[in-house]
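All remarks here apply to the structure that follows.
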Amino acid sequence: MRRDEADVTEPGVTGRVFDVQRFSLHDGPGIRTVVFLKGCPLRCAWCANPESQRPDPQIAWFANLCVGCGRCAEACPRGAVTIDGGRPLTDRRLCAACGRCAAACPRQARRLMGCSVSVDEVMQEVRRDAPFFRRSGGGVTFSGGEPLSQPLFLLECLRRCRRWGYHTAVETCGYARWDDLEEAAGLTDLFLFDIKLVDPLRHERLTGVRNELIVDNLERLLALGAAVVVRVPVLPGVNDDRESMRALGEFVAGRPAVRTVELLPGHELGAHKYAALDLAAPTFGAPLRERLVSDAAEIERGAHGVECRVAQGLS
Amino acid sequence: MATRAEEIEGGTVVSLPVSAEWEADLRPRIARLRAQYFTHKPSVCLERALSYTEVFKETEGKPMVIRRAKGLKRICETKTILIQDDELIVGNAGRKPRTGILGPEMSNYWFDKELDTLSTRPQDPYIVDEEQKQLFREQIYPYWKGKTVIEHWLKRVPADTRALGYETGVIDVEIKTESGPGEIAPGYGEILLPKGWGGIRRWAEERLAALDPADPANEEKGYFLEAVIIAMEAMGILARRHADAARELARRSSPERAAELEKVAEVCDWIATEPPRTFHEALQLVWFAQFSLMIELNAPSYSPNRMDQYLFPYYEAALQSGELTHDEAQELLECLWIKFAEQCWILNANCCQYFAGYQGFFNVTAGGVKADGEDATNAVSYMMLQATMDCRLNSPSVAVRLHRNCPEEFLLKVAELARLGTGFPAIHNDEVGIKALLRKGATTEDARDWCLVGCVEPNLPGKLHQWSDYGHYNFGSAVEFALFNGEHLLSGRKLGLETGDPNDFETFEEFEAAVMAQLANELRHIAIQGHITEALHRDLLPCALASSLILDCIDNGADLLRGGARYKRGPGTLGIGIADGVNSLAAVKKLVYDEKRLTMDELREALRADFEGYEEVRDLCLSAPKYGNDDDAVDQYVRHFAHFVVAEHDKYDTLTGGKMMPSWYPVSSNVPQGMTVAALPSGRKAGKPLADGVSPNQGTDRLGPTAVLRSVGKFQHEDLDGGTLLNVKFEPQVLAGEEGLQRFAAYLRAFLDLPIYHIQFNVVDEKTLRCAQARPDEYRSLLIRVAGYSAFFVELHEDIQNDIISRTANARL
């Protein structure tokens, strides 16, 4: 491809983004900005970001910030919000997530999760921290949700980052079309690739999909020579048992191209977001950090030359 | 185990963190000196006041500059000389360490009025005994009554300026009527170390001999040069008396200590007239000068300036000759560090709120570049940072000049010190500092030699006369006056301009223009009273000693206050509550003009009621976008303010021959000055503290430390060439370990890429998190970063908060 062709941005490519976080320190090297794309093909039982799952915008309501002033009910054009006992109730069947209640809320108790943005808008946001990327070896991480569930948008963003010289990372669950992943690989400096469970059936039971496509994609990425960190969210009662850890160890040992594994301790810090979306929060609890450290050491011993570390932050 | 140094800063108690490991590594002498330091309760010393009173009675009719030099000489002849156990660097301005020395010629009445409350006042109490009270009331107070700077000032200042300043604190202009100007970087490297007191004396004698007394222009010059000669005699006497005291003490000491004291005596004797030959002599000479300058004017902020530059030749020679090891040199430097901490600056109760913490504001500068632009970092630069890491006292203030070509190790050392959470060092962007000096009229080469004075003020060793504290003005009052057509809500008086009924402002631009007009009016009143203060300083407080240490006072035969210095800039003002002003403009724009969610009158009613009964209005105000989040729609107003304020300052000439100088740093004034400001459209309640420096309002920066820098970098800091100040918070966890240190270093490098002048860090600890739990409204922006997920601390449930608190405690450095 000629240089000037690379600059041609497909006009009108938009994506659904639910958050942009600056000064992120645990999703790739250096100081990073993480762009969270909305929508995910998986439904992990322990998901800490419930607002990331559905592709369309949603209204969240944070009870601890609400004073029950009723402005949201007044603002709603569809009568989806009623005030009951000083608190707003949202009829989610009527709510079209237009965001007018959120705009009317004086306390930011109601928020619109997710909005449609252009590549230009994302890049204008991202470039604000460019001095910090440059000085720290950081860059931009596309996360989600599943970023590859919006492939055109993701690829356009990656292309622009590459042109502007930003280090790029893609955090993926691996459940994506290979063609898209292959194209992304040409524009991505680092993949943060989730392997949640090795066993296909348990994977299906706990995430809603089997993992053959995921494992296949991982292997093809490795075969391309892409830089990949395998990330494993560790949840009590899901994959923190000896058997799961041994299976993970074997999985890694059998794929010598995997050089780095990160264990991400599960947590329940997303509980209030479930409540805000009128959903029941999962309760898996958090694994013991000391256990994880010894598990990581075990995995390192079992696979030659692999670095396995416990992530600083949480999954 | 660990001693905790509790010092008051910005109205809150800050504990300098200490640890068992640190204590174990401390040099034994320094540990003992440090323990000794904590046994000294601040107290009052009247020896200086008495000497000056006697001399003034004896010298009626003599030129003021000579009378004052004689006062200095008398106190040097008579003061108590105290040499404490273990000291290698000796001497104090008062009779004891941590004494406040009174300057009755500046302000007499307050001391009389506060004599009985001074030992118990809430901020910066000083012990004063009955004998001292009697001495003051009988022998000092009566002589000075009617003669002091403040009494002259009160007689001269116009009523409207007085109302805005002295009576309501909308502008605060008191400090320089209470003390001399101070705030210079004496030319230690330029004048004192190469010449010694004797050399300066000969220089003055030569100039004096060359003057033709028949030329009327020479009358004042002659008096000044005579005064310099007297001051140099005083300095010689002071040094020799310390030598005598050391020898006397040696006779009564153990052989080991006697040898140390003999050495001290030898050092003091030599530098009584001669330039120093050794590292030890250089340090002692600098200390004599530092505290003698305090004696001369009871003023703050004499900056020991670029110690790494002027001390390095002595350090290098000492190592080469075998006179000292590196370790011994470090110990000597730390002995001086403790002397710096021992020097208090006494103020009246009101001023103490603005300048809290007994600070003498001795600010030392490390790093930077040389006159030719080459990196200037040397071994002493590192020793200065190490001394602060070791001593962990509230003084000296340590500042660094960082530039893009800084050695990596220096940057890492800076990061290591900063993450200790002591608030040191203050980190300055060298390029911006150099540009600030160019604005002051310095040559390029001189500009590269800049240093820090006081808090964050860019200055120039030995060549510049620039005092910073002409007066504090505030942005909150400007907004209040624009909203209420000049009314000061808390007093009900009309103190501002009548800029019109805001209901008649059809566009936001009209409202903004009214705010600017009110600001301009505050500045005008600062200028009006400032001219009076400057004239009084010139007439009543000539300072031969300070002037002798700034080029070209001796050559010009003119005191600093008569324009003798090579460069003259300021005096300067301090703008307080910038973020409050910015956020108020943004809120009015959004709520009243753009979205019309409030009428001007609805807003005004709510503000008048301090939001009582108007909680919804306050919520709307709080939900308007805030400065510190890299939001151009808000941040544009900080640029508007900077541009406007700088242009306004350029309109005012000053008596010393400069122009009025703008600065945006708060000292601790944002707290007391907030007390006079009513509720604001930003959502801030009446009487609450204003924002500090150019930092965002507490709890309103919600996107983390990179967005803060971007916001703050949206105006030209060098235009505010009196300095700007930025506080940034970090969780200790973010900076922990080698990875954290690297990250912090990268953040500092990015800081150098932005046009921001200064940054200092609050590393948020477990205690803060507990406070955040107890008072969540004040900590709304405390962001806990986790991978793939991040949360505002106060929005988390209590048990999760507790979990994070325990993690944070574990992640301690």
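Numbered from 1 within each chain, the chains take letters A, B, ... in sequence-line order.
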Looking only at heavy atoms, the pair that brings Arg135(A) and Ala746(B) closest together is O-CB, 3.3 Å
So, applying side-chain contact (heavy atoms from CB on, under 4.5 Å) with Phe23(A), which one of Leu709(B), Thr706(B), Leu703(B) is it?
Thr706(B)
Is any side-chain heavy atom of Glu615(B) closer than 4.5 Å to one of Val67(A)?
no
Is Asp630(B) salt-bridged to Arg22(A), going by a charged N under 4.0 Å from an acidic O?
yes
With only heavy atoms counted, which part of Arg71(A) is less than 4.5 Å from chain B, the side chain, the backbone, both or neither?
side chain
Within the supplied structure, the quantity of interest is the number of heavy atoms (other residues, nucleotides, ligands) at a distance under 6.0 Å from Arg127(A) CZ; does it exceed 12?
no
So for Ala103(A), is it side chain, backbone, both, or neither that comes closer than 4.5 Å to the heavy atoms of chain B?
backbone
Proximal component of Leu748(B), with respect to chain A [non-hydrogen, under 4.5 Å]:
neither
Can you tell which part of Arg710(B) gets under 4.5 Å to a heavy atom of chain A, answering side chain, backbone, both or neither?
side chain
Not counting sequence neighbours, list each pair that qualifies as a ring pair (Phe, Tyr, Trp, His ring centres under 6.0 Å) and has a residue in residues 696-715 of chain B.
Trp664(B)-Phe715(B), Phe715(B)-His717(B)
Most heavy-atom pairs under 4.5 Å with chain B, out of Ile31(A), Asp129(A), Thr141(A), belong to Asp129(A)
When rounded to the nearest 0.5 angstrom, what is the spacing between CD in Gln108(A) and CG in Leu622(B)?
9.0 Å
Scan residues 618-629 of chain B for pairs that pass salt bridge (Lys or Arg N to Asp or Glu O under 4.0 Å), counting only residues two or more places apart or in two chains.
Arg107(A)-Asp619(B)
